Amino acid sequence: MKLTESAFFKRLLFITLSVFFIFSAITAETSGCSSVNAYFIKNSISKESSAFDFRRLTFAGSGEFFKLDPLTDSIIAGTGVTLLGTELALSKLSNIKNNVWDGTTFNKDGVPSFDRFFMQPFSKGLNITGDIFQYVGLLMPAVLMASPMEEWLTVGVMYAESVLVAYGVKELAKSIVSRARPYMYYDDKPIDLIQEGDWNESFPSGHSTLAFVGATFASYVFSKYFSDSPWKYVVTAASYSIATATAVFRVAGGKHFFTDVLTGAAIGTATGFLVPWLHSLRAEKNSAEALQASGASKEVEPLLYMGGFGIKISLR
């Protein structure tokens with residue numbers, strides 16, 4: 001069975017909304033949005049910068065830690081759209097994935113030992129719990145609203161790109177690999193899910209992918225904005241605990257093998273880090289160019305302090 005009409009249009013809507021948001025940012029950037037001054041002084045936020053004002057919402061951001069760039073954002077968004085477009089084409093126009101179960105009994109002996117050790121029968125309750133943890137994990141980047149409003153749209157675009165690429169990777173992998181879920185190896189199977197074509201979408205775990213995107217993105221970006229804050233450890237620990245719980249419940253609920261959630265975690269972690277990291281490189285490049293344009297030069301002076309010698313670097 002090919003991709004159902006409802007699933008097809010849901011994915012198409014997801015792509016459309018993501019692309020609209022991202023390319024709105026790209027258009028704004030190319031039209032010459034003015035940059036704003038950085039509001040961070042030793043990672044603290046002034047009262048003025050914490051005041052809510054819609055006029056401060058700009059895709060330009062401060063450019064101090066992360067910087068949107070038309071070329072970078074076009075490549076990242078284009079990659080995500082290409083991945084999802086390829087998956088949709090394969091599902092809609094070809095028979096690469098047949099979702100109709102022929103009633104064949106699956107033998108556990110064919111499952112690798114490390115996956116067989118953790119596999120479980122289907123549990124509706126545990127799967128609902130896994131769904132809840134996934135949604136909470138996806139919302140973890142909301143902690144980044146602690147940053148000044150000037151940064152919100154920059155963070156939003158980067159997160160949309162991260163989710164878009166991760167979602168595209170996992171969807172394409174599911175279509176190509178077409179791995180049967182663990183519950184297919186047990187007598188008590190969820191017939192309704194099998195009829196929906198869910199039974200052979202085990203690899204990789206989409207829930208784990210998205211939960212780890214949220215965890216990695218929130219942890220990395222928060223640590224960049226608030227590098228001296230002890231709260232970065234709390235955010236990181238909470239984010240990854242929620243993502244790990246998501247993966248555990250997906251295995252315990254019979255929806256995934258251990259290698260499914262492990263691969264999903266790897267995909268989510270990679271995209272959740274790489275997308276904002278690429279934007280941080282752009283910010284560093286802009287800072288270097290601005291420094292060079294200002295004609296600043298570095299002077300290195302010896303510095304005497306209690307207990308030894310140090311080096312003082314001054315900009316003039």
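Side chains are part of it too, since the values below use all heavy atoms of this structure and drop only hydrogens, waters and symmetry mates. Everything quoted here is computed from the prediction, not taken from an experiment.
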Open item on the list: For Phe118 and Phe258, take the angle between the two ring planes, folded into 0 to 90°, and tell me which bin it lands in: parallel under 30, tilted 30 to 60, perpendicular over 60.
Closed with: parallel
- [ ] Indicate yes or no: at least one non-hydrogen side-chain atom of Ser280 is less than 4.5 angstrom from one of Phe65.
- [x] no
TODO: Verify the cluster assignment for Val251 and Tyr186: are they in a single hydrophobic cluster under the rule of side-chain heavy atoms below 4.5 Å apart?
DONE: no
TODO: Could you state whether Phe212 and Val275 fall into the same hydrophobic cluster, counting links through intermediate Ile, Leu, Val, Met, Phe, Trp or Tyr residues with side-chain heavy atoms under 4.5 angstrom apart?
DONE: no
TODO: Locate the shortest heavy-atom distance separating Tyr183 from Leu193; write the atom from each residue and the value.
DONE: OH-CB, 3.8 Å
Open item on the list: For residues Ile128 and Leu126: do they belong to one hydrophobic cluster (side chain heavy atoms under 4.5 Å, members Ile, Leu, Val, Met, Phe, Trp, Tyr)?
Closed with: yes
Task: Candidate list Thr154, Asp73, Thr72, test side-chain hydrogen bond (donor to acceptor under 3.5 Å, both in side chains), partner His279, passing option - done: Asp73
Task: Point-to-point distance, once rounded to the nearest 0.5 Å, from CD1 of Ile267 to CG of Leu262 - done: 10.5 Å
TODO: Report, as yes or no, whether the 6.0 Å neighbourhood of atom CG on Asp188 holds more than 12 heavy atoms from other residues, nucleotides or ligands.
DONE: no
- [ ] Scan side-chain atoms only and decide if Tyr240 and Thr216 contain a donor-acceptor pair under the 3.5 Å cut-off.
- [x] yes
- [ ] Carefully, step by step, assess Arg250 and Asn127 under the rule side chain to side chain donor-acceptor pair (under 3.5 Å).
- [x] CA-CA 6 Å; Arg250 295 302 282 175; Asn127 274 286; 3.1 Å; yes
- [ ] Could you please spell out the steps behind the side-chain contact (heavy atoms from CB on, under 4.5 Å) verdict for Phe203 and Thr263?
- [x] CA-CA 8 Å; Phe203 183 90; Thr263 303; 3.2 Å; yes
Task: Heavy-atom side-chain contact between Lys189 and Phe122 under 4.5 Å - done: no
- [ ] Can you label the angle between the Phe273 ring and the Trp277 ring as parallel, tilted or perpendicular, going by 30° and 60°?
- [x] parallel
Task: Heavy-atom pair of closest approach, residues Ala180 and Tyr185 - done: O-CE1, 4.4 Å
Open item on the list: I want to check something: taking the side chain as every heavy atom from C-beta on, are Leu90 and Leu172 in contact at a cut-off of under 4.5 Å?
Closed with: yes
- [ ] May I ask you to decide if the ring planes of Phe133 and Phe249 are parallel, tilted or perpendicular, using 30° and 60° as cut-offs?
- [x] parallel
TODO: Group every Ile, Leu, Val, Met, Phe, Trp and Tyr by side-chain heavy-atom contacts under 4.5 Å, then state whether Leu278 and Phe217 land in the same group.
DONE: yes
- [ ] Rounded to the nearest 0.5 Å, what's the gap from CD1 on Ile176 to CD on Glu171? Could you check?
- [x] 11.5 Å
TODO: May I ask you to check if Lys224 and Phe226 form a cation-pi contact, with NZ or CZ under 6.0 angstrom from the six-membered ring centre and within 45° of the axis?
DONE: no
Task: Which atom of Ser162 lies closest to which atom of Val213, heavy atoms considered - done: CB-CG1, 4.1 Å
Open item on the list: Does Asp102 have more than 12 heavy atoms from other residues, nucleotides or ligands lying within 6.0 Å of its CG?
Closed with: yes
Task: Considering all heavy atoms, the nearest Arg181-Glu201 contact - done: NH2-O, 3.2 Å
- [ ] Please examine the side chains of Leu84 and Tyr167, heavy atoms only from C-beta on, and report whether any two atoms are closer than 4.5 Å.
- [x] yes
Task: Interatomic spacing from NZ in Lys170 to CG in Leu83 - rounded to 0.5 Å - done: 12.5 Å
Open item on the list: Set out, in order, the CA-CA distance, both residues' side-chain angles and the distance that settles side-chain contact (heavy atoms from CB on, under 4.5 Å) for Leu144 and Phe222, then state yes or no.
Closed with: CA-CA 6 Å; Leu144 298 171; Phe222 191 93; 3.8 Å; yes
Task: Trp152 side-chain N/O to Ser147 backbone N/O, donor-acceptor pair under 3.5 Å - done: yes
Open item on the list: Using 0.5 Å steps for rounding, measure from the CD1 atom of Ile132 to the NE2 atom of His207.
Closed with: 10.5 Å
Task: Verify same cluster id: Val261, Leu210 (apolar side-chain graph, 4.5 Å) - done: no
Open item on the list: As an exercise, state the distance from OG1 of Thr209 to CD of Gln134, rounded to the nearest 0.5 Å.
Closed with: 9.5 Å
Task: Arg179 and Thr259, any side-chain heavy atoms less than 4.5 Å apart - done: yes
Open item on the list: Rounded to the nearest 0.5 Å, what separates atom CD1 in Ile194 from atom CH2 in Trp101?
Closed with: 5.0 Å
Open item on the list: Please find the pair of heavy atoms, one from Pro276 and one from Val221, that lie closest to each other, and give the distance.
Closed with: CB-CG2, 3.8 Å
Open item on the list: For Val111, is there any backbone N or O sitting under 3.5 Å from a side-chain donor or acceptor partner on Arg116?
Closed with: yes
Open item on the list: Quick check: do Lys255 and Asp198 have side-chain heavy atoms less than 4.5 Å from each other?
Closed with: yes
Task: Charged N-O contact under 4.0 Å between Lys124 and Asp192 - done: no
- [ ] Give the minimum heavy-atom separation between Glu151 and Tyr225, together with the two atoms involved.
- [x] OE1-OH, 2.7 Å
Task: Lys232 vs Val235, side-chain contact (heavy atoms from CB on, under 4.5 Å): CA-CA, chis, key distance, verdict - done: CA-CA 5 Å; Lys232 67 181 181 181; Val235 171; 5.7 Å; no
